[in-house]
Visitor: 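Before we start, here is the structure in question, set down as C-alpha cells.
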Amino acid sequence: MLYTSIFAACALPLAVAAPLCTRENNTTCGTALCNLSNVSQPTNALTPPSADLRLVLIAHGEGTQNYTCATPESAPSSIGAKAELYNASCEVANPTEAQNSIIRAQAIGNHFFADLTTPEFDIPRLGNTKSKKVEEVDAPNPSADIKWLRLQAQTDGSTSDVKFIYRLNTVGGHAPTNCEGRAEGEVVTVQYQAQYWMYA
Ligand SMILES: *[C@@H]1O[C@H](CO)[C@@H](O)[C@H](O)[C@H]1NC(C)=O
Ligand SMILES: *[C@@H]1O[C@H](CO)[C@@H](O)[C@H](O)[C@H]1NC(C)=O
Ligand SMILES: *[C@@H]1O[C@H](CO)[C@@H](O)[C@H](O)[C@H]1NC(C)=O
Ligand SMILES: *[C@@H]1O[C@H](CO)[C@@H](O)[C@H](O)[C@H]1NC(C)=O
Ligand SMILES: *[C@@H]1O[C@H](CO)[C@@H](O)[C@H](O)[C@H]1NC(C)=O
Ligand SMILES: *[C@@H]1O[C@H](CO)[C@@H](O)[C@H](O)[C@H]1NC(C)=O
C-alpha cells in the first residue's frame, strides 16, 4: 500500500507534482523511478548478458582515454583511461524525470586502470570491480567514437557483486592518428564519455 502510493506519486508527474529526489541515493524515489528491471541495452552485437544477471547500475563516465607516444615516429598506444562516474540509472529508465539533473550533479565513483589490461571501477556504494576486456565491437559511428566493450569482473581484487560491465554509447576517445610532433614518451589525453552498464 505504501509502495503503491509512493509509486503513484513518483510515476505520475502530470497527476501529482513530481517530487524532487534531494539525494542521489534517495530510495523513496529511486525504487519507483529508477527500476532497471525492464531497461534493455541499445542495439549492439556484443554477447548479451545471461539470464541470471541483473542490471544494477548504468554509470555515465566522463574523462579521458590516455595514449602514449614512444617516439614521434611510433603509433600512439593505449595506456588506459580515467573517468568520473555518475549515476545514470534514472535518466535511462525515466529520461523525462526532473530529478535527473540532481542525481547527475554528484559523482558516485571513479574509473581508472589498475594496470594496462585491468580497467577498474571504484563505486563506494557497490564496491570496486577489477575487470578484463572479453569482447569488443565497433561503435555505431566508429570513426568518431571508441569501441563498445564487454568486460568481465575478476574475482581477484574485486569487492562488488558485479559480474559483467558493458561499455556502450561511447562518445569520442580515439587516439590521434600519429605521434608527429610529440615528445618521446608524451602522454596524450583524449576526452571521452561512455555508459557503463553493470550486471550482478
Ligand atoms: C527524498 O525525496 C523526497 C521527495 O520524493 C523528499 O521529500 C525527501 O526529503 C527526500 N529524502 C532525502 C533523505 O533526501
Ligand atoms: C546517502 O548519500 C549521502 C551522501 O550523498 C551519505 O552521506 C549517506 O550515508 C547515504 N545514505 C545511504 C543510506 O546510503
Ligand atoms: C542510483 O540512483 C538510484 C536512484 O536515486 C538509486 O536507487 C541507486 O541506488 C543509485 N545507485 C548507486 C550505485 O548510486
Ligand atoms: C522493479 O520492478 C519489478 C517489476 O517489474 C519488481 O519485481 C521489483 O521488485 C522492482 N524493484 C524495485 C527495487 O522496486
Ligand atoms: C516491467 O514489465 C512488466 C511486463 O511488461 C510489467 O508488468 C512491469 O510493471 C514493468 N516494471 C516496471 C518497473 O516498469
Ligand atoms: C590519464 O589522464 C588523466 C587525466 O585525465 C590523468 O589524471 C591520469 O593520471 C592519466 N593516467 C595515465 C595512466 O596516464
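The figures here come from the full heavy-atom set of this structure, side chains too, leaving out hydrogens, waters and symmetry mates. Just follow the structure's listing: the first ligand is 1, and inside any ligand the first atom is 1.
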Visitor: Would you tell me whether T117 and K133 have side-chain atoms, one donor and one acceptor, within less than 3.5 Å of each other?
Guide: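 The criterion, which ignores hydrogens and geometry beyond distance, is not satisfied for K133 and T117.
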
Visitor: Should the heavy atoms of other residues, nucleotides or ligands under 6.0 Å from CG of D161 be counted, would the total exceed 12?
Guide: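 No, the 6.0 Å shell around CG holds no more than 12 heavy atoms from other groups.
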
Visitor: List, pair by pair, the atoms of ligand 6 and of the protein that are both N or O and lie under 3.5 Å apart, giving the separation rounded to 0.1 Å.
Guide:
from	atom 1	to	atom 2	distance (Å)
ligand 6	2 (O)	T64	OG1	3.4
ligand 6	2 (O)	N66	OD1	3.0
ligand 6	2 (O)	N66	ND2	2.4
ligand 6	5 (O)	T64	OG1	2.7
ligand 6	11 (N)	N66	ND2	2.7
ligand 6	14 (O)	N66	ND2	3.1

Visitor: Would a distance-only check, ignoring hydrogens and angles, find a side-chain to backbone donor-acceptor pair under 3.5 Å from S74 to C69?
Guide: no

Visitor: Less than 3.5 Å between some nitrogen or oxygen of N87 and one of ligand 3, yes or no?
Guide: yes

Visitor: Quick one: does any side-chain atom of S158 pair with a main-chain N or O of Q154 as donor and acceptor, under 3.5 Å?
Guide: yes

Visitor: Enumerate the atoms of ligand 3 whose separation from the nearest heavy atom of C90 is less than 4.0 angstrom.
Guide: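 Heavy-atom distances to C90 below 4.0 Å select 4 (C).
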
Visitor: Does N38, backbone or side chain, put an N or O under 3.5 Å from an N or O of ligand 5?
Guide: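 Yes: some nitrogen or oxygen of N38 is under 3.5 Å from one in ligand 5.
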
Visitor: Is K147 paired with D138 through a side-chain N to carboxylate O contact shorter than 4.0 Å?
Guide: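 Between K147 and D138 there is a salt bridge, with a charged N closer than 4.0 Å to a carboxylate O.
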
Visitor: Taking the six-membered ring for Trp, are Y192 and Y196 parallel (under 30°), tilted (30 to 60°) or perpendicular (over 60°)?
Guide: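 Ring orientation, 0 to 90° scale: perpendicular.
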
Visitor: Examine F121 together with F112 and report whether their ring centres are nearer than 6.0 Å.
Guide: no

